Amino acid sequence: VIPDSASMDRPAERPRGVSRKGVLLLGDALVLVVLAAFTVPHLRRVASVDRSVSSAALRFGAVTRGTLVRDASAQGRIVAALHPTLFAPVAGIVSLRVKAGATVTKGTLLAEIESPELKSRLMQERSTLASLESSLSRQRLSVQQAALRAKQAEALLAVKLEAAGRALERDERTFKEGLLNRIDFEKSKDDVRIATLELENARSTARLEAEAGAFDVRERELSAERQRSVASELARQVERLSITAPFDGVVATIAVQDRDAVAANGPVVTVVSLDAFEVEVQLAESYANDLAPGLEAQVQWEGKELQGHITNVSPEIADGLVKGTIAFDGEEPKGLRQSQRVSVRMVFEKKPGVLKVARGPFLEAGGGRKAYVVAGGVAEVREITTGAVSVSEVEILTGLREGEEIVLSDTAEFLGAARVLLSK
């Protein structure tokens, strides 16, 4: 039996320095301090945000300074520079002489319009013209006959005046010799005066008849000329019943079937020239004020960028679109085909030295007045003012500084929050 443990106890010496347990406790304390240093700011940010969104689905962009090219892109199609549609001059039955896709030369007969009514009118008007021309010839002959009669009458009266003058000379000598009484002498004088008046009257009458005849002839000439114009116009219309190719090219489309009844001014056939092509493009009506002849344009065709310019802009807007035509600069590329689709980029303006950012859905979501600026994992909304907008970039007038980063994606899911936490 051991009475107590005093004999086995030995005094223990306290180890110098920090014990192992103290080291462990000190390490835990340091870890907690470090975690607090990183966690407290995060907790503060979390506490100050209104919403949290994953940043994995978002796209960001930096605000930079440089040249902004205000442009627009659209889809266009290759069309022939010359592609007229030929119309029926009058109503009738059409007889086709070619098929779609046929190659034609200038003057090739494409179709004929049968119009018996028009041809009958032409015959009637030509008959009327012949009648008027015959009447004109008769009138000219009548005027010549009247002039001849007036000339004969004038000649006879001139002879009569000469005879009266000679008779007066004889009677005057006889009267002076006392062999003729005064009554007969005075009568001879009266005969001379009468003959003179008759001659003057005949000459005046001849002039008046000549003028009246000239007026009658001119009137009939005008009637004949008017009728000749009517007949010529009908002849031209009859000639246009034969529709011919205006140039060398290809028959693109035929709007009617053979032996169809076609209305006056109805489309019949379209011919395109393969010598020159251009690009037909349509843009939203918001660009209507920017489109103008001479505007620079680039056409993307088979991996190549072709330079061109706007040559024509439609004066009207149809279905919210405005139509323009682009001509190629320099030599036209080979291998273009009618109705081939191409991409078109039009340059409206170049603005150097401006603040800009890549274009994204944020522009429409914020109406161009709001953007979310990213800093420290938090996106904060900020009022901005935008200027020119191109296909790929947006000009920033106020609200942002160079080097700042913003959310380019659609910010509708932010629900208008002032501060949004961007989680990983």
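Just so you know, these numbers come straight off a predicted model, no measurement behind them.
Every residue two or more places apart in sequence or in another chain that forms a salt bridge (Lys or Arg N to Asp or Glu O under 4.0 Å) with R140 is listed here: E221.
Counted within 6.0 Å of CZ on R369, heavy atoms from surrounding residues, nucleotides or ligands total 12 or fewer; the atom is thus considered open. Around CZ of F215, the count of heavy atoms belonging to other residues, nucleotides or ligands within 6.0 Å does not exceed 12. Summarising the local packing, CD of E117 is surrounded by 12 or fewer heavy atoms from other residues, nucleotides or ligands at distances under 6.0 Å.
Taking 4.0 Å as the cut-off between side-chain N and carboxylate O, E364 and R359 count as a salt-bridged pair. Using a 4.0 Å cut-off between a side-chain N of Lys or Arg and a carboxylate O of Asp or Glu, E114 and R259 qualify as a salt bridge. With respect to R345 and E305, no salt bridge is recorded, no charged nitrogen being found less than 4.0 Å from a carboxylate O. Between E169 and R166, no side-chain nitrogen of the basic residue sits less than 4.0 Å from a carboxylate oxygen of the acidic one, so the salt-bridge criterion is not met. One finds a salt bridge joining K187 and D191 here, because a Lys/Arg side-chain nitrogen approaches an Asp/Glu carboxylate oxygen to under 4.0 Å.
Of the possible polar contacts, none joining the S134 side chain to the A130 backbone as a donor-acceptor pair under 3.5 Å is found. Checking side-chain atoms of D260 against main-chain N and O of V262 turns up no donor-acceptor pair under 3.5 Å. In this structure a side-chain-to-backbone donor-acceptor pair under 3.5 Å is missing from Y287 to V322. With E332 contributing its side chain and F277 its backbone, the two residues share a donor-acceptor pair below 3.5 Å.
Residues S204 and R207 bring a donor and an acceptor atom of their side chains to less than 3.5 Å of each other. The closest side-chain donor-acceptor pair between T386 and E395, if any, does not fall under 3.5 angstrom. A donor atom on one side chain and an acceptor atom on the other are found under 3.5 Å apart for T270 and T253. Of the N and O atoms on the side chains of T108 and T105, at least one donor lies less than 3.5 Å from an acceptor on the other residue.
A side chain to side chain contact (heavy atoms under 4.5 Å, CB included) with V63 is found for one member of V373, L355, I384 and no other, namely L355.
Between F362 and D410, the closest side-chain pair of non-hydrogen atoms is not below 4.5 Å.
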Distance-only donor-acceptor hits, side chain of residues 396-403, under 3.5 Å, sequence neighbours excluded:
| from | atom 1 | to | atom 2 | distance (Å) |
| --- | --- | --- | --- | --- |
| T398 | OG1 | T385 | OG1 | 2.7 |
| R401 | NH2 | E404 | OE2 | 2.9 |

